[in-house]
Amino acid sequence: DKQISRILTFASSLVYTMASIPYFISFWKSGWNMDQLGTDSNCHTTIVCFFISYLILDLALGSIYYKNRITLLTSWVHHSLYICILFWLLQSKSSSFFSTTGILELPTLLLALGSFRERWRCDLLFASTFFALNLVFHAYIIVALQQRHRLETL
């Protein structure tokens, strides 16, 4: 049952992380231009829809195959809030925000990879990327968005 969850998480985080890299690099090269986070395109929309599909699939398959791993807070509430936020980004034509910040899934990708084989696990690499991306970069992006983004509800 854990294997299905691991494969699904690995596949999703791999696709999402890889798809985000060109957008993240462009955002970085632009000097962190917040205007890049408020656009929309077919590619950005596809990435968002892919991730929404993953979230729904994880809940559906989890309810059948790995019930003990699907908890109220870490699965149902987390995934449902994520889906609502993603639909809001689509509605506000700002799906580029999600595509660009997909690099935040890199620690999840590393964790999922390490769950397949013990020798692929590197706690220091996971912790370093988690700290740099999910804490430092995430905090920066939240503050920067609140100060300079066109969407006032951010």
Side-chain angles (χ1 to χ4, degrees), residues 1-25 27-28 37-38 40-146 149 151 153-154:
D1 67 337
K2 275 199 237 179
Q3 199 66 4
I4 295 170
S5 173
R6 289 175 181 165
I7 291 169
L8 191 58
T9 300
F10 173 76
S12 172
S13 60
L14 176 66
V15 169
Y16 181 37
T17 301
M18 297 306 287
S20 77
I21 289 172
Y23 300 111
F24 179 79
I25 291 171
F27 181 53
W28 171 55
L37 302 183
D40 209 14
S41 73
N42 288 340
C43 193
H44 294 304
T45 300
T46 300
I47 293 168
V48 170
C49 290
F50 167 80
F51 204 76
I52 290 171
S53 299
Y54 155 71
L55 294 169
I56 293 169
L57 191 60
D58 190 37
L59 291 174
L61 291 176
S63 297
I64 298 168
Y65 296 109
Y66 43 96
K67 291 179 187 176
N68 58 333
R69 296 178 61 87
I70 298 290
T71 65
L72 178 64
L73 186 59
T74 62
S75 297
W76 290 101
V77 172
H78 175 265
H79 285 25
S80 298
L81 284 173
Y82 225 134
I83 290 168
C84 289
I85 291 168
L86 293 175
F87 275 118
W88 176 75
L89 285 172
L90 288 172
Q91 185 271 331
S92 62
K93 301 206 180 302
S94 292
S95 57
S96 62
F97 172 78
F98 188 72
S99 303
T100 303
T101 58
I103 197 75
L104 294 171
E105 277 293 297
L106 180 60
T108 304
L109 174 62
L110 296 172
L111 194 63
L113 186 62
S115 72
F116 290 120
R117 290 220 163 75
E118 184 66 30
R119 64 187 165 126
W120 294 348
R121 181 178 169 154
C122 181
D123 292 340
L124 181 60
L125 183 59
F126 168 76
S128 300
T129 59
F130 186 87
F131 179 79
L133 296 171
N134 290 42
L135 299 178
V136 176
F137 179 66
H138 209 174
Y140 165 76
I141 207 82
I142 288 169
V143 171
L145 283 170
Q146 288 177 335
H149 198 269
L151 295 174
T153 53
L154 286 174

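These numbers were taken from a predicted model, which means no experiment stands behind them. Hydrogens, waters and symmetry mates are skipped; everything else that's a heavy atom, side chains included, is used.
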Task: Steps toward side-chain contact (heavy atoms from CB on, under 4.5 Å) verdict (F87, I52) - done: CA-CA 9 Å; F87 275 118; I52 290 171; 4.1 Å; yes
Task: Partner residues of S63 under the side chain to side chain donor-acceptor pair (under 3.5 Å) criterion, sequence neighbours left out - done: none
Task: Non-hydrogen side-chain atoms of L106 and L109 separated by less than 4.5 Å - done: yes
Show every donor-acceptor pair shorter than 3.5 Å between a side-chain atom in residues 125-133 and any protein atom, with sequence neighbours excluded, or say none if there are none.
residue, atom, partner, partner atom, Å
S128, OG, L124, O, 2.7
T129, OG1, L125, O, 3.1
T129, OG1, F126, O, 3.0

Open item on the list: With a 3.5 Å distance limit and no angle check, can you tell me whether S20 reaches the backbone of T17 through a side-chain donor-acceptor pair?
Closed with: yes
Task: Any residue meeting side-chain contact (heavy atoms from CB on, under 4.5 Å) with I7, in chain and number order, not counting sequence neighbours - done: Q3, F116
Task: Parallel, tilted or perpendicular, as decided by the 30° and 60° cut-offs, for the rings of Y54 and F51 - done: tilted
TODO: State which residues pass side-chain contact (heavy atoms from CB on, under 4.5 Å) with L72; sequence neighbours excluded, sorted by chain then number.
DONE: W76, V77
Open item on the list: Donor-acceptor pair, distance only, cut-off 3.5 Å: does the side chain of S94 make one with the backbone of F97?
Closed with: no
- [ ] Using the test side chain to side chain donor-acceptor pair (under 3.5 Å), find all partners of T45 that sit at least two apart in sequence or belong to another chain.
- [x] D40
Open item on the list: If the condition is side chain to side chain donor-acceptor pair (under 3.5 Å), which residues does D123 pass it with, not counting sequence neighbours?
Closed with: R121
Open item on the list: Which label fits F27 and F137: parallel for a plane angle under 30°, tilted from 30 to 60°, or perpendicular past 60°?
Closed with: perpendicular
Task: salt bridge (charged side-chain N to carboxylate O under 4.0 Å, His left out) pairs, two or more places apart, involving residues 95-118 - done: none
Task: Set of residues satisfying side chain to side chain donor-acceptor pair (under 3.5 Å) with respect to S99, sequence neighbours excluded - done: H44
TODO: Could you tell me which residues satisfy side-chain contact (heavy atoms from CB on, under 4.5 Å) with H138, sequence neighbours excluded, listed by chain and number?
DONE: L104, I141, I142
Task: Any residue meeting side-chain contact (heavy atoms from CB on, under 4.5 Å) with L61, in chain and number order, not counting sequence neighbours - done: I4, L8, L57, Y65, Y66
